[in-house]
2 protein chains.
Amino acid sequence: MGTFAKNTDDTELALCAAFPTDLTMLLHAAAGRMTDDLDLAAVEMGLNDVRDWLVLAALDDGRQRTQLELSRVVCVDKTTLISVLDRLEKHELIVRSVDPSDRRVRIPQITSTGRKVYAKFAVARDVAEARALNGVDQAERALLLDLLARIADRQAAALPAS
Amino acid sequence: MGTFAKNTDDTELALCAAFPTDLTMLLHAAAGRMTDDLDLAAVEMGLNDVRDWLVLAALDDGRQRTQLELSRVVCVDKTTLISVLDRLEKHELIVRSVDPSDRRVRIPQITSTGRKVYAKFAVARDVAEARALNGVDQAERALLLDLLARIADRQAAALPAS
DNA sequence: CTCGGATCGTCTGGACTCGGACGATCCTAT
DNA sequence: ATAGGATCGTCCGAGTCCAGACGATCCGAG
């Protein structure tokens, strides 16, 4: 799925939308813009990726989760998740504790500083989204989110049928 | 930007949408679903990626383009584009001809078989999009595409300001 | 108790990505 | 004519991703 180039160009930016009728391309272009923006915000506060924040977000609800469960929740490969957790742990944003009832599994948990960084990033995300949707009224926003969710889910539901 | 895992899971599919209010995540999830679907269609007809098709699509309009121009149009790194073109050329879907007026540049051009493959893939794409938007009326579709385009473009326009 | 298989986290090998360097070619100024 | 610099396509090296292998650990059958 990671299939398209990062936008390092400064001049020729909007050309991803050269296929203005193609849903897939538009989705990619839009997602790419948001991600580029958020990646920037992420590195500013010591994170590495949007993924770093995504993992933090998943951990913020305080649920105890196996690394494997976590990797499934955030759609990050379990081996890749390891490097993410390593980095987060090094920065003391999370800790990995061993489940005493099953010594195979590690339970990653967010620390208080991790929670702070997460909150800080959350407002950056809100700003980015607000800017992206500037001038779009509430009903249209709701429709957009609903349609996106439907696309993401429907495809999933449609696959096992075929 | 290539930041999220491919969905090789069969069981836990819809969990990318575990953050149903987050625009960025939803965009990624939706784009991922479409791409997964189209990747499947791509390999079925001898292509490798959505990117392969994307390049073919860009070449299908018959405009003469430098490889560098092409890489900008489709948002693929110029070095990565080389491997794509190599593959397409090996499968005789394109040819690289040397511009006689500037022997530095190569002009990739789609062949007739390339055109055929492209057309075949286009219907697969239409089917996938139709399924994704099944039950969404015309006005809503138009709005969706418009909003996505706006997100993709507005961010680009907003960046140089900051 | 113990043995075989399942499941956890981690490691490793091969493939891919992309910034920077390179030769070839062009263009402009002198 | 030619030197210097810009621009093309390609190559290389460091970084990343992920399928599969691996040790550690758990659990159930006997």
Side-chain angles (χ1 to χ4, degrees), chain A residues 1-12 28 32 35-36 39 42-43 47-52 54-55 64-90 94-109, chain B residues 1-12 28 32 35-36 39 42-43 47-52 54-55 64-90 94-109:
Chain A
M1 169 184 158
T3 332
F4 294 96
K6 188 165 227 146
N7 270 316
T8 49
D9 333 317
D10 29 10
T11 56
E12 311 249 10
H28 261 291
T35 303
D36 287 349
D39 273 350
V43 303
L47 298 180
N48 215 45
D49 250 351
V50 206
R51 255 191 337 219
D52 283 19
L54 183 57
V55 171
Q64 304 237 337
R65 275 190 250 259
T66 296
Q67 291 189 191
L68 198 59
E69 289 167 356
L70 184 59
S71 83
R72 280 200 275 256
V73 169
V74 296
C75 278
V76 171
D77 186 83
K78 64 172 179 167
T79 52
T80 305
L81 180 62
I82 290 181
S83 59
V84 176
L85 291 179
D86 283 348
R87 178 173 44 249
L88 292 179
E89 194 170 33
K90 194 170 58 183
I94 67 153
V95 286
R96 268 187 270 213
S97 57
V98 191
D99 183 347
S101 76
D102 183 347
R103 288 212 306 270
R104 286 172 306 175
V105 316
R106 305 290 140 83
I107 308 287
Q109 278 184 298
Chain B
M1 170 183 158
T3 332
F4 294 97
K6 190 165 226 147
N7 269 316
T8 47
D9 334 317
D10 29 11
T11 55
E12 310 251 10
H28 260 292
T35 302
D36 287 349
D39 273 350
V43 304
L47 299 180
N48 215 46
D49 250 352
V50 206
R51 254 191 340 218
D52 283 19
L54 183 57
V55 172
Q64 303 238 338
R65 274 190 251 259
T66 297
Q67 290 189 192
L68 198 58
E69 289 168 355
L70 184 59
S71 84
R72 279 200 274 257
V73 169
V74 297
C75 277
V76 171
D77 187 83
K78 65 171 179 167
T79 52
T80 306
L81 180 62
I82 290 181
S83 59
V84 176
L85 291 179
D86 283 348
R87 179 174 42 248
L88 292 179
E89 195 170 32
K90 195 170 58 182
I94 66 154
V95 286
R96 269 187 271 213
S97 56
V98 191
D99 183 348
S101 76
D102 182 347
R103 287 212 306 272
R104 286 172 305 177
V105 315
R106 306 289 139 83
I107 308 286
Q109 279 185 299

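Note on naming: letters A, B, ... go to the chains in the order of the sequence lines (proteins, then strands), and numbering restarts at 1 for each one.
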Engineer: What is the distance, to the nearest angstrom, from the CZ atom on A/R72 to the C1' atom on D/dC18?
Structural biologist: 16 Å
Engineer: In whole angstrom, give the distance that lies between atom CG of A/L68 and atom P of C/dT10.
Structural biologist: 11 Å
Engineer: Once you round it to whole Å, what is the distance between C1' of D/dT10 and CG of B/L81?
Structural biologist: 12 Å
Engineer: Any salt bridge linking A/R96 with A/D86? Criterion: basic side-chain nitrogen under 4.0 Å from a carboxylate oxygen.
Structural biologist: yes
Engineer: Side chain of B/T66: nearest nucleotide among C/dT10, D/dC8, D/dC18?
Structural biologist: D/dC8
Engineer: A/T66 versus A/L70: any side-chain heavy-atom pair under 4.5 Å?
Structural biologist: no
Engineer: Taking CZ from B/R65 and P from D/dG9, how many angstroms apart are they, rounded to a whole number?
Structural biologist: 13 Å
Engineer: Ignoring backbone atoms, establish whether B/T80 has a side-chain N or O less than 4.0 Å from OP1 or OP2 of C/dC18.
Structural biologist: yes
Engineer: When you match A/R104 and A/R96 each to their closest nucleotide on DNA chain C, which lands nearer the 5' end?
Structural biologist: A/R104
Engineer: Which nucleotide in the list C/dC26, C/dG9, D/dT10 gets nearest to the side chain of A/V105?
Structural biologist: C/dG9
Engineer: Return no unless some side-chain N or O of A/R87 is found under 4.0 Å from OP1 or OP2 of D/dT16.
Structural biologist: no
Engineer: Take atom NZ of B/K78 and atom P of D/dC11, then tell me their distance rounded to the nearest Å.
Structural biologist: 13 Å
Engineer: Considering every strand and a 4.0 Å limit on heavy-atom distances, what is the contact class for A/I82: base, sugar-phosphate, or nothing?
Structural biologist: base
Engineer: Identify whether any heavy atom of B/S83 sits under 4.0 Å from a base atom; if not, whether one sits that close to sugar-phosphate; answer base, sugar-phosphate or nothing.
Structural biologist: nothing
Engineer: Any carboxylate oxygen within less than 4.0 angstrom of a Lys/Arg side-chain nitrogen, looking at A/D99 and A/R106?
Structural biologist: no
Engineer: Do the side chains of B/Q67 and B/V105 get nearer than 4.5 Å, heavy atoms only?
Structural biologist: no
Engineer: Can you tell me how far P of D/dT16 sits from CG of A/D39, to the nearest Å?
Structural biologist: 13 Å
Engineer: Whole-Å distance between D/dA24 C1' and A/R106 CZ?
Structural biologist: 9 Å
Engineer: Rounded to the nearest angstrom, tell me the gap between atom CG in A/D102 and atom C1' in D/dC27.
Structural biologist: 10 Å
Engineer: Do B/Q109 and B/R65 get their side chains close enough for a donor-acceptor pair, meaning under 3.5 Å?
Structural biologist: no
Engineer: Looking only at the side chain of B/T79 (C-beta and beyond, no hydrogens), which of the listed nucleotides D/dC26, C/dT17, C/dG20 gets closest?
Structural biologist: C/dG20
